[in-house]
2 protein chains.
Amino acid sequence: MGGKLSADERAARLSELNGWQSVAGRDAIERSLEFADFNEAFGFMTRVAIKAQEMDHHPEWFNVYNVVRITLSSHDVNGVTQRDVELARFIDSIANRA
Amino acid sequence: MGGKLSADERAARLSELNGWQSVAGRDAIERSLEFADFNEAFGFMTRVAIKAQEMDHHPEWFNVYNVVRITLSSHDVNGVTQRDVELARFIDSIANRA
């Protein structure tokens with residue numbers, strides 16, 4: 001699956017994504033998403049859950065009502081890898097609101 | 001729906017629940033649950049989501065892989081109410097592992 005992205009690689013990939021940023025003090029990326037209501041937020045989470053299971057690569061995430069905050073990092077290498085970028089791209093592709 | 005529980009009421013209710021504790025610095029209660037894997041954790045979250053929608057009373061929650069951490073509080077009264085206790089009881093009733 002490839003190893004940890006270099007700082008340059010990560011910066012290049014982040015610039016192609018929508019609304020993702022580096023997490024302070026951790027080699028991880030995060031994005032907050034806002035939906036119309038809980039129903040829409042949890043529907044989104046369910047789509048991400050199915051994708052994550054398919055990839056065997058899971059997010060860290062927090063939800064309250066219509067807000068979902070997602071952190072991606074690859075625990076095996078303790079950093080951001082191409083798999084995080086792939087999951088982030090999927091999330092961007094199904095997120096209609098931000 | 002009833003207002004905020006008094007400190008005595010909250011303590012009495014907490015003692016009847018399984019693994020819930022007060023949140024430091026907030027009028028809220030929380031519980032962490034551990035499952036076999038992500039599939040089981042997200043299945044649990046889906047059951048809670050359906051119940052929450054039915055009650056129109058939603059949790060704040062964090063998930064990473066097989067762990068779910070849930071915080072309950074009633075935002076309208078900024079404290080713990082009978083509805084939080086009801087949702088906590090439901091969570092306890094479907095949580096096979098802790």
Side-chain angles (χ1 to χ4, degrees), chain A residues 1 20 23-81 83-84 86-88 90-91 94 97, chain B residues 1 20 23-81 83-84 86-88 90-91 94 97:
Chain A
M1 293 299 182
W20 292 84
V23 178
R26 267 188 78 184
D27 192 352
I29 57 175
E30 69 178 3
R31 179 178 174 186
S32 272
L33 299 101
E34 195 174 319
F35 298 90
D37 52 26
F38 178 75
N39 182 294
E40 192 175 292
F42 200 79
F44 161 81
M45 290 177 73
T46 304
R47 293 188 69 184
V48 175
I50 293 169
K51 178 71 172 180
Q53 195 69 355
E54 186 183 296
M55 291 178 65
D56 191 21
H57 189 60
H58 302 86
E60 297 172 41
W61 48 4
F62 171 83
N63 161 246
V64 58
Y65 197 59
N66 66 328
V67 172
V68 181
R69 190 166 64 239
I70 307 177
T71 303
L72 300 178
S73 180
S74 296
H75 299 133
D76 50 347
V77 300
N78 196 29
V80 176
T81 66
R83 302 174 76 203
D84 297 304
E86 188 184 330
L87 187 51
F90 175 79
I91 288 166
I94 65 167
R97 293 157 173 268
Chain B
M1 293 302 182
W20 292 84
V23 177
R26 266 189 78 183
D27 192 353
I29 58 174
E30 70 178 1
R31 180 180 172 184
S32 271
L33 300 102
E34 194 173 320
F35 299 89
D37 51 26
F38 179 74
N39 182 294
E40 193 175 292
F42 200 79
F44 161 81
M45 290 176 73
T46 303
R47 294 189 69 185
V48 175
I50 292 169
K51 178 70 174 180
Q53 195 69 356
E54 186 183 295
M55 292 178 65
D56 191 21
H57 189 62
H58 302 86
E60 297 172 41
W61 48 3
F62 171 83
N63 160 247
V64 56
Y65 197 59
N66 66 329
V67 173
V68 182
R69 191 167 61 239
I70 307 178
T71 302
L72 300 178
S73 180
S74 296
H75 299 134
D76 51 346
V77 299
N78 196 29
V80 176
T81 66
R83 304 174 77 202
D84 297 304
E86 188 184 331
L87 187 51
F90 175 80
I91 287 166
I94 65 167
R97 292 156 172 270

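Just so it is clear: chains get the letters A, B, ... in the order the sequence lines come, proteins before strands, and each one is counted from 1.
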**Study point:** Portion of B:D37 that has a non-hydrogen atom of chain A nearer than 4.5 angstrom
**Key:**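 No part of it gets close to chain A.
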
Check your understanding: Do the non-hydrogen side-chain atoms of A:V64 and B:H75 ever get within less than 4.5 Å of each other?
Key ->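 With C-beta onward as the side chain, the pair touches.
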
**Study point:** Heavy-atom check, side chain of A:D56 versus side chain of B:F38, under 4.5 Å
**Key:**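 No. Closest side-chain heavy atoms not under 4.5 Å.
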
Practice item. For side chain to side chain contact (heavy atoms under 4.5 Å, CB included), just list the numbers for B:F42 and A:T46, CA-CA rounded to whole Å, side-chain angles, deciding distance to a tenth of an Å, and then say yes or no. Key: CA-CA 8 Å; B:F42 200 79; A:T46 304; 3.8 Å; yes

Practice item. Could you tell me which of A:F62, A:W61, A:Y65 has the largest number of non-hydrogen atom pairs under 4.5 Å with chain B? Key: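 Ranked by heavy-atom pairs under 4.5 Å with chain B, first place is A:W61.
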
Point to revise | A:D76 atom CG: more than 12 heavy-atom contacts under 6.0 Å | key: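 More than 12 within 6.0 Å, yes.
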
